[in-house]
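This report refers to the structure that appears directly beneath it.
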Amino acid sequence: MKRLRILVTGGAGFLGSHLCEKLVHAQHDVICLDNYFTGNKRNVEHLMDYRNFELLRHDITFPVFLEVDQIYNLACPASPVHYQYNAVKTIKTSVMGAINMLGLAKRVKARILQASTSEIYGDPIVHPQPEGYWGHVNPIGIRSCYDEGKRVAETLFFDYHRMNNVDIRVMRIFNTYGPRMHPNDGRVVSNFIVQALKGNDITVYGDGNQTRSFCYVDDLIEGMIRLMNKENFYGPVNIGNPSEFTIKELADLVIKLTNSSSEVIYQPLPSDDPRQRQPDISLAKQALNWEPAVELKEGLEKTIAYFRDNNDC
Ligand code: NAD
Ligand code: UDP
């Protein structure tokens, strides 16, 4: 395979660090760019000794000039707790970040992939969600800074493609979990595992009947790299695991796998929390020959082992 110069924005975060690892091991020259808002140098410290890996502290709301062949644009806080912490900054990261990265891609003729999200479907009325569904999104709610920011980013990607011929890839990522999730980022899988390992109550929001479909990180990264390297295919394409679980089922499974004495408690459901979510992955199967291989139980076991070893649980 040709050795490429690859920029990964948000490379010190959960998904970004796994992506950098894979690209470094594939012998590419990788620049990991991050402002460390939710990411951490520890996530990539095992890559520091590689000569084909470089770390750059930068905020993508400001322009950057680099000579690269491919850009993976992952920079953006992904957990509701973190993206709501500074909602205006979240929109700036999605919108100004997209403009800066698309401008760079245009200038250096790089191919650029956007880490979009199932959140662009909002609280979906169509189930499961195919790419052709335009979504059901509140423009002024507490999740809007993330949802609408990501929607505008998709618009920018397709406009740069139509107007400037930028070689884009748009990937709609559904809930993904695995080692290196931030232990305090508030997402459901990390929350439940940390609570179970500490013997604390498991906090189910609402009645626990809302659903999500959880994809293990290795499967997700494989789909991402396939999409980036597929010729003449721009997306948007859903990448996620179609196995759908209620949040209560997830809580029970985590308690079982951790052998925990924790009990489930019920807390208020945050506003605009989507009731159901499941990707239709027909397009990914057909265009990328991709589908997830890791079942929830297996992925949770690996993630639990990581939190046991790394987070004083
Ligand atoms: P994460 O929070 O672990 O990673 C995001 C990274 O971006 C962090 O390292 C953070 O410090 C960095 N960052 C944030 N703002 C930045 C800025 N202005 N400039 C430079 N760096 C910045 O989250 P993640 O789960 O790894 O998500 C990565 C991407 O995938 C995000 O764009 C997210 O929206 C998308 N995504 C993730 C999921 C999921 O389930 N993990 C689902 C849908 C979409
Ligand atoms: N959730 C929960 N308890 C928690 C954290 C989250 O019940 O401690 C619920 C949350 O309300 C949502 C689902 O789990 O219905 C997934 O939440 P997460 O923040 O992981 O992702 P998103 O809502 O963005 O899909």
Side-chain angles (χ1 to χ4, degrees), residues 8-20 32-41 43-44 56-62 64 72-84 86 89-94 96-98 100-101 113-120 123 143 146-147 149-150 153 171-178 180-182 185-195 200-215 217 220-221 224 238-240 245-248 250-251 254 264-277 279:
V8 179
T9 78
F14 161 48
L15 296 181
S17 63
H18 286 272
L19 176 64
C20 286
C32 167
L33 179 158
D34 210 294
N35 71 349
Y36 308 123
F37 174 46
T38 52
N40 198 302
K41 278 187 200 167
N43 287 337
V44 287
L56 181 63
R57 181 192 287 265
H58 182 78
D59 186 318
I60 61 159
T61 59
F62 298 97
V64 65
Y72 289 86
N73 188 35
L74 272 61
C76 185
S79 127
V81 173
H82 284 146
Y83 69 64
Q84 287 161 14
N86 186 340
K89 175 74 190 195
T90 299
I91 302 183
K92 282 187 181 171
T93 295
S94 277
M96 293 164 67
N100 288 328
M101 291 307 120
L113 180 147
Q114 167 68 356
S116 189
T117 167
S118 52
E119 285 286 318
I120 67 107
D123 189 4
R143 294 175 87 102
Y146 184 74
D147 301 8
K150 289 283 188 179
M171 170 177 185
R172 292 184 180 155
I173 303 172
F174 283 64
N175 296 63
T176 302
Y177 68 98
R180 299 197 206 119
M181 288 186 91
H182 195 300
D185 82 357
R187 281 185 271 191
V188 69
V189 173
S190 44
N191 261 14
F192 284 2
I193 292 177
V194 171
Q195 289 164 344
N200 296 340
D201 290 337
I202 308 281
T203 53
V204 169
Y205 303 156
D207 59 10
N209 287 325
Q210 71 272 36
T211 68
R212 295 293 186 275
S213 307
F214 299 101
C215 186
V217 61
L220 192 284
I221 298 300
M224 188 180 280
N238 293 335
I239 301 284
F245 296 84
T246 68
I247 295 305
K248 177 63 168 58
L250 177 72
V254 169
V264 169
I265 59 163
Y266 293 88
Q267 294 187 345
L269 189 69
S271 66
D272 292 340
D273 199 286
R275 278 161 299 160
Q276 54 183 4
R277 185 180 291 154

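We count ligands from 1, going down the list as the structure has it; atoms in each ligand are counted the same way. Just so we're clear, the structure is a prediction, and the values are computed from it rather than from any experiment.
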Do any heavy atoms of G186 fall under 4.0 Å from ligand 2? yes
Heavy-atom contact under 4.0 Å between S116 and ligand 1? yes
When rounded to the nearest 0.5 Å, the distance separating CD1 of I173 from OG of S116 is 8.0 Å
Test of proximity, K89 against ligand 1: N or O pairs below 3.5 Å: no
Check this for me - ligand 2, R187, N or O atoms closer than 3.5 angstrom, yes or no? no
Atom 1 (P) of ligand 1: nearest protein contact (heavy atom, Å): T38 OG1, 3.7 Å
For ligand 2, indicate whether the residue Q267 contacts it via side chain, backbone, both or neither (heavy-atom separation under 4.0 Å). neither
Numbered atoms of ligand 2 (with element) below 4.0 Å of V204, judged on heavy atoms: 7 (O)
Looking only at heavy atoms of A12, does any of them come nearer than 4.0 Å to an atom of ligand 1? yes
What atoms in ligand 1 come closer than 4.0 Å to a heavy atom of N175? 40 (O)
Output for pair (N40 CG, D34 CG), nearest 0.5 Å, gives 9.0 Å
Which of the numbered atoms in ligand 1 are under 4.0 angstrom from any heavy atom belonging to H58? 19 (N), 20 (C)
What atoms in ligand 1 come closer than 4.0 Å to a heavy atom of Y36? 11 (O)
State whether the shortest distance between N or O atoms of Q195 and N or O atoms of ligand 2 falls below 3.5 angstrom. no
Side chain, backbone, both or neither: which part of H182 has a heavy atom under 4.0 Å from ligand 1? neither
Does F192 reach the side chain of V204, with side-chain heavy atoms less than 4.5 Å apart? yes
So for V189 against ligand 2, with non-hydrogen atoms under 4.0 Å, the contacting part is neither
Of the listed options (R277, E119, R143), which comes nearest to atom 23 (O) of ligand 2 when hydrogens are ignored and any heavy atom counts? R143
Which residue from Y177, F174, Y205 reaches closest to atom 7 (O) of ligand 2 through any of its heavy atoms? Y205
Counting from 1 in the order shown, the ligand 2 atoms closer than 4.0 Å to a non-hydrogen atom of Q210 are 9 (C), 11 (O), 15 (O)
Is K92 close enough to touch ligand 1? Criterion: a residue heavy atom under 4.0 Å from a ligand atom. no
Starting from atom 3 (N) of ligand 2, find the nearest protein heavy-atom neighbour and note its residue, name and distance. T203 O, 2.6 Å
Does NZ in K89 sit with more than 12 non-hydrogen atoms of other residues, nucleotides or ligands closer than 6.0 Å? yes
Looking only at non-hydrogen atoms, the one of D207, T176, V188 nearest atom 17 (O) of ligand 2 is V188
Less than 4.5 Å apart, any side-chain heavy atom of V217 and any of F14? yes
Quick one: which ligand 2 atoms are inside 4.0 Å of a heavy atom on N191? 4 (C), 5 (C), 8 (O)
Looking at non-hydrogen atoms alone, which of C76, A75, G16, G39 comes nearest to atom 5 (C) of ligand 1? C76
With nothing but distance in play, are any N or O atoms of T117 less than 3.5 Å from an N or O of ligand 1? no
Here the atoms of ligand 2 under 4.0 Å from any heavy atom belonging to D273 are 10 (C), 11 (O), 12 (C), 15 (O)
Give the atom numbers and elements of ligand 1 that come within less than 4.0 Å of a heavy atom of G13. 3 (O), 4 (O), 8 (C), 9 (O)
Taking only Lys NZ, Arg NE, NH1 and NH2, and the carboxylate oxygens of Asp or Glu, determine whether R143 and E119 approach each other closer than 4.0 Å. yes
Which residue and heavy atom of the protein sit nearest atom 31 (C) of ligand 1, plus the separation: L74 O, 3.1 Å
Candidates I173, D59, I120; heavy atom nearest atom 35 (C) of ligand 1 found on I173
Heavy-atom contacts with P80 under 4.0 Å: which atoms of ligand 2 show up? List them by number with element. 19 (O), 24 (O)
For N175, the ligand 2 atoms whose distance to one of its heavy atoms is below 4.0 Å: 21 (O), 22 (P), 25 (O)
Atom CZ of R275 and atom CG of N209: how far apart are they, to the nearest 0.5 Å? 12.5 Å
The option among R180, E119, K150 carrying the non-hydrogen atom nearest to atom 32 (O) of ligand 1 is K150
Option set T93, I60, T90, criterion heavy-atom distance to atom 19 (N) of ligand 1, minimum: I60
Close-contact set for ligand 1 against G10 heavy atoms, below 4.0 Å: 6 (C), 7 (O), 9 (O), 12 (C)
Mind telling me whether Y83 and Y146 have parallel, tilted or perpendicular rings, with 30° and 60° as the class edges? parallel
Taken to the nearest 0.5 Å, the spacing of T117 OG1 from I239 CD1 works out to 13.0 Å
Distance to 0.1 Å, residue and atom name: give those for the protein heavy atom nearest to atom 13 (C) of ligand 2. I247 CD1, 3.6 Å
Spatial distance of atom CG (L113) from atom OH (Y72) [nearest 0.5 Å]: 6.5 Å
Any side-chain heavy-atom pair from V64 and M101 closer than 4.5 angstrom? yes
Judging by distance only, is a nitrogen or oxygen of T176 under 3.5 angstrom from one on ligand 1? yes
Out of F14, F174, F37, Y146, whose heavy atom sits nearest atom 36 (N) of ligand 1? Y146
